[in-house]
Amino acid sequence: MNTDRFSLPAILCKPVEGTPLVRDEIKYLLGLEKKSEVELLQRVARLVRTKHFGQKVFLYGFVYFSTYCKNNCTFCHYRRDNREVARYRKNESEVVEAARNLRDSGVHLIDLTMGEDPEMFHPDFGLKRLVRLTGKIRSETGLPVMLSPGAAPEAAISEFAKAGAEWYACYQETHTESLFDKLRIGQSYKERYATKVEAKSNGMLIEEGILTGVGETLDDIADSILAMKEMKADQVRAMTFVPQKGAPLESYGAVTSNRELNVISVMRLVLPDTLIPASLDIDGLNGLQKRLLAGANVVTSIVPPGRGLAGVANSSLDIEESRRTVDSIKNVLQFIGMETATAEEYRHWVEDRMQGEGNPMQMGGASVNCRYWS
Ligand code: SAM
Ligand code: MD0
Ligand code: SF4
């Protein structure tokens with residue numbers, strides 16, 4: 001790509017003035033490497049975030065309640081063929097207890113996640129259990145719920161919505177079908193995508209996400225960001241691939257999270273009023289600050305210690321050390337001048353968003369002016 005024709009300050013002005021970035025500009029921003037340029041990108045991403053959310057950050061409790069899975073994703077520790085995993089399936093009261101504990105610690109949402117557990121995918125048994133669990137967690141904690149069950153059958157999705165689940169999260173990982181086929185072997189790109197369309201048409205909010213460091217190009221990522229916009233995703237994420245012992249993609253090796261950080265910033269510019277996670281699942285607590293400085297506004301993968309609960313990309317990192325807790329996070333937020341929102345503020349955001357009210361929050365947002373940097 002001939003980058004000479006791009007002026008960084010001028011491009012960064014566009015989203016601020018309400019002009020959508022085009023694909024080439026998105027790709028150019030994603031590819032920035034020079035320290036001063038990345039710093040400017042992040043600075044503008046933060047200004048845009050402040051405009052929509054002030055300095056408020058939302059906190060998501062994570063309950064990975066079943067680690068059984070019928071799929072064989074090449075990047076994942078919990079893939080079917082990995083015999084090294086000590087798998088578990090938590091019962092209803094264990095999940096309720098963990099969720100209550102998370103609520104008491106100060107999270108704003110409970111994310112109920114599972115592998116595509118064959119038992120839980122049984123239509124008359126497991127899926128009904130999940131529907132019941134959804135209602136139970138909502139009533140017991142009083143918090144909104146996100147379901148991350150994988151590509152659930154269409155009929156189950158409307159049941160999830162009826163049970164009151166506010167969110168359906170299911171990440172495509174990439175919007176390039178040939179790459180998808182290498183990552184999610186034997187799964188249908190279209191079916192996975194359709195679950196999100198179904199969830200949205202049932203009134204749920206949806207989260208879309210991609211992996212970085214799995215052989216994708218900047219073109220692939222630009223396509224993904226535009227796809228996220230097209231599908232009107234309410235929360236969007238990028239996760240740097242963490243190599244898993246014994247999984248086929250292990251040979252790709254670890255990459256830095258620099259690419260993920262650029263994706264966070266660019267998503268913030270393209271989708272200014274969406275929620276963007278800084279996940280503790282990739283680099284643990286040490287990786288939190290840089291993700292927030294890149295433009296994220298939700299901390300995800302908060303896991304209570306002492307309950308035998310795992311993470312996904314990093315199954316144990318920081319969990320039993322109580323470093324994936326609200327208390328640990330608060331120190332980081334304070335250090336960079338951000339603060340946790342209240343559960344009330346989060347609930348309002350969700351409710352307004354579900355009613356389609358464009359930019360619900362405007363949390364004390366300052367206005368942004370391009371003169372700051374051009
Ligand atoms: N089994 C369900 C599914 O796959 O949709 C729910 C689990 S989902 C929350 C797991 C997500 O974590 C994947 O979609 C992927 O984006 C991410 N992930 C899994 N393994 C990872 C790894 N090794 N490195 C980085 N991200 C990973
Ligand atoms: C996270 N480990 O937030 C979780 C997970 C599922 N909705 C989220 C990938 O990083
Ligand atoms: Fe199963 Fe989800 Fe892991 Fe794929 S990413 S192997 S569907 S748990």
Side-chain angles (χ1 to χ4, degrees), residues 58-82 85 87 107 109-118 120-121 130 145-152 165-174 180 183-188 191-193 195-196 199 205-214 216 224 235-250 252-255 257 259-260 263 275-284 287-288 291 296 298-303 309-319 324:
F58 300 133
L59 309 178
Y60 285 11
F62 183 64
V63 184
Y64 195 8
F65 65 92
S66 170
T67 59
Y68 287 87
C69 191
K70 64 181 165 67
N71 288 335
N72 236 344
C73 300
T74 49
F75 52 84
C76 182
H77 176 65
Y78 300 95
R79 63 199 307 273
R80 184 184 66 220
D81 288 352
N82 189 354
V85 188
R87 298 186 195 263
V107 305
L109 166 140
I110 304 293
D111 178 359
L112 296 176
T113 295
M114 64 178 201
E116 292 197 7
D117 178 348
M120 293 302 291
F121 260 50
L130 185 50
V145 163
M146 168 180 275
L147 292 180
S148 312
E166 282 83 356
W167 288 90
Y168 186 77
C170 185
Y171 317 138
Q172 210 69 21
E173 325 297 359
T174 172
F180 177 95
L183 298 173
R184 290 192 159 270
I185 41 176
Q187 298 169 51
S188 159
E191 275 173 28
R192 194 168 172 86
Y193 192 88
T195 61
K196 288 165 271 195
L205 302 178
I206 56 169
E207 183 182 16
E208 178 61 305
I210 59 169
L211 285 175
T212 58
V214 291
E216 78 290 345
S224 281
Q235 181 166 306
V236 291
R237 72 161 62 206
M239 309 241 296
T240 304
F241 169 58
V242 179
Q244 305 294 329
K245 201 168 144 278
L249 238 59
E250 187 189 0
Y252 271 60
V255 292
S257 42
R259 178 170 273 196
E260 177 191 329
V263 179
L275 304 185
I276 303 181
S279 175
L280 296 169
D281 205 27
I282 308 294
D283 300 322
L288 182 57
R291 287 172 171 81
V298 185
V299 181
T300 66
S301 223
I302 297 171
V303 182
L309 288 165
V312 178
N314 271 297
S315 52
S316 61
L317 177 70
D318 277 357
I319 296 178
R324 289 213 206 172

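Predicted model only: the values in this text are computed from it and were never measured. Note that ligands are numbered from 1 as they come in the structure, with each ligand's atoms numbered from 1 the same way. Numbers for residues simply follow the sequence, beginning at 1. Excluded from the calculations below are hydrogen atoms, water molecules and symmetry mates; all remaining heavy atoms, backbone and side chain alike, are included.
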Handout entry: Short side-chain to backbone donor-acceptor contact, N72 and I185, under 3.5 Å
Key =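 Checked: no pair found.
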
Could you tell me the residue and atom name of the protein heavy atom closest to [atom], and the distance to it rounded to 0.1 Å?
| atom | result |
| --- | --- |
| atom 12 (O) of ligand 1 | V312 CG1, 3.5 Å |
| atom 7 (C) of ligand 1 | T113 CG2, 3.7 Å |
| atom 5 (C) of ligand 2 | F62 CE1, 3.7 Å |
| atom 20 (N) of ligand 1 | F75 CD1, 3.4 Å |
| atom 10 (O) of ligand 2 | S279 OG, 2.5 Å |
| atom 24 (N) of ligand 1 | V242 N, 2.9 Å |
| atom 11 (C) of ligand 1 | Y171 CD1, 3.9 Å |
| atom 3 (O) of ligand 2 | T300 OG1, 2.8 Å |
| atom 25 (C) of ligand 1 | T240 O, 3.3 Å |
| atom 3 (Fe) of ligand 3 | C76 SG, 2.4 Å |
| atom 1 (C) of ligand 2 | R237 NH1, 3.3 Å |
| atom 17 (C) of ligand 1 | M239 CE, 3.5 Å |
| atom 4 (O) of ligand 1 | R184 NH2, 2.8 Å |

What closest approach, in Å, do [X] and [Y] show between heavy atoms, and which atom pair accounts for it?
| X | Y | answer |
| --- | --- | --- |
| R87 | T67 | NH1-O, 2.8 Å |
| Y68 | P118 | CB-CD, 4.5 Å |
| E116 | C69 | N-SG, 3.3 Å |
| C170 | K196 | O-NZ, 2.9 Å |
| G311 | D281 | CA-OD1, 3.7 Å |
| A151 | R192 | N-NH1, 3.9 Å |

If the cut-off is 4.0 Å to any non-hydrogen atom of [X], which atoms of ligand 1 fall inside it?
| X | result |
| --- | --- |
| G150 | 2 (C), 3 (C), 5 (O) |
| S148 | 6 (C) |
| R192 | 3 (C), 4 (O), 5 (O) |
| F241 | 23 (N), 24 (N), 25 (C) |

Please list, in number order, the atoms of ligand 3 under 4.0 Å from a heavy atom of [X].
| X | answer |
| --- | --- |
| F75 | 5 (S) |
| N71 | 6 (S), 7 (S) |
| Y64 | 8 (S) |
| G115 | 8 (S) |

Ligand 2 atoms in contact with [X] (distance to a heavy atom under 4.0 Å):
| X | answer |
| --- | --- |
| D111 | 6 (C), 7 (N), 8 (C) |
| V312 | 2 (N) |
| M239 | 9 (C), 10 (O) |

Practice task
Apply side-chain contact (heavy atoms from CB on, under 4.5 Å) to the pair R291 and S257, showing each step before the final yes or no.
Solution key: CA-CA 9 Å; R291 287 172 171 81; S257 42; 3.6 Å; yes

Handout entry: Backbone or side-chain N/O/S of C69 under 2.8 Å of atom 3 (Fe) of ligand 3
Key =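 No.
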
Handout entry: Over 12 non-hydrogen atoms of neighbours within 6.0 angstrom of CD in E250
Key = yes

First locate atom [atom1] of [X], then atom [atom2] of [Y], and finally report the distance between them rounded to the nearest 0.5 Å.
| X | Y | atom1 | atom2 | result |
| --- | --- | --- | --- | --- |
| I319 | S301 | CD1 | OG | 7.0 Å |
| F75 | E173 | CZ | CD | 4.0 Å |
| S279 | M239 | OG | CE | 5.0 Å |
| T300 | E207 | OG1 | CD | 7.5 Å |
| F62 | L280 | CZ | CG | 11.0 Å |
| E166 | L109 | CD | CG | 7.5 Å |

Problem - ligand 2 contacted by Y171 (non-hydrogen, < 4.0 Å) - result: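 Yes, that is the case, since the closest heavy atom of the residue is under 4.0 Å from the ligand.
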
Exercise for the section: Using 2.8 Å as a strict upper limit, say whether an N, O or S atom of C73 approaches atom 4 (Fe) of ligand 3 that closely. Expected result: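 C73 does place an N, O or S atom closer than 2.8 Å to atom 4 (Fe) of ligand 3.
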
Practice task
Given side-chain contact (heavy atoms from CB on, under 4.5 Å), test T174 with I210 step by step and report yes or no.
Solution key: CA-CA 5 Å; T174 172; I210 59 169; 5.5 Å; no

Practice task
Counting heavy atoms only, name the option from M114, E173, E260, R79 that's nearest to atom 6 (C) of ligand 1.
Solution key: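 Nearest option to atom 6 (C) of ligand 1, by heavy atoms: M114.
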
Problem - Option set R79, R80, R184, K70, criterion heavy-atom distance to atom 5 (S) of ligand 3, minimum - result: R184

Practice task
Please state whether G209 comes within less than 4.0 angstrom of ligand 1, counting heavy atoms only.
Solution key: no

Exercise for the section: Please say which of L183, T212, L249 ends up in a side-chain contact (heavy atoms from CB on, under 4.5 Å) with F241. Expected result: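 With F241 as partner, side-chain contact (heavy atoms from CB on, under 4.5 Å) holds for just one option, L249.
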
Exercise for the section: Check the pair Q235 / L205 against side-chain contact (heavy atoms from CB on, under 4.5 Å), numbers first and verdict last. Expected result: CA-CA 8 Å; Q235 181 166 306; L205 302 178; over 6 Å; no

Practice task
Using a 4.0 Å heavy-atom threshold (strictly under), name the region of Y68 that reaches ligand 3: side chain, backbone, both or neither.
Solution key: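 Answer for Y68: neither.
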
Completion exercise
Contact region, E207 to ligand 1, non-hydrogen atoms below 4.0 Å, reads neither

Handout entry: Location of contacts on L211 toward ligand 1, heavy atoms closer than 4.0 Å
Key = side chain

Fill in the blank from the handout: Note: S148, heavy atoms under 4.0 Å from ligand 2, region reported as side chain

Practice task
Start with the C-alpha distance between Q244 and S315, add both sets of side-chain angles, then the distance that settles side-chain contact (heavy atoms from CB on, under 4.5 Å), and finish with yes or no.
Solution key: CA-CA 10 Å; Q244 305 294 329; S315 52; 5.9 Å; no

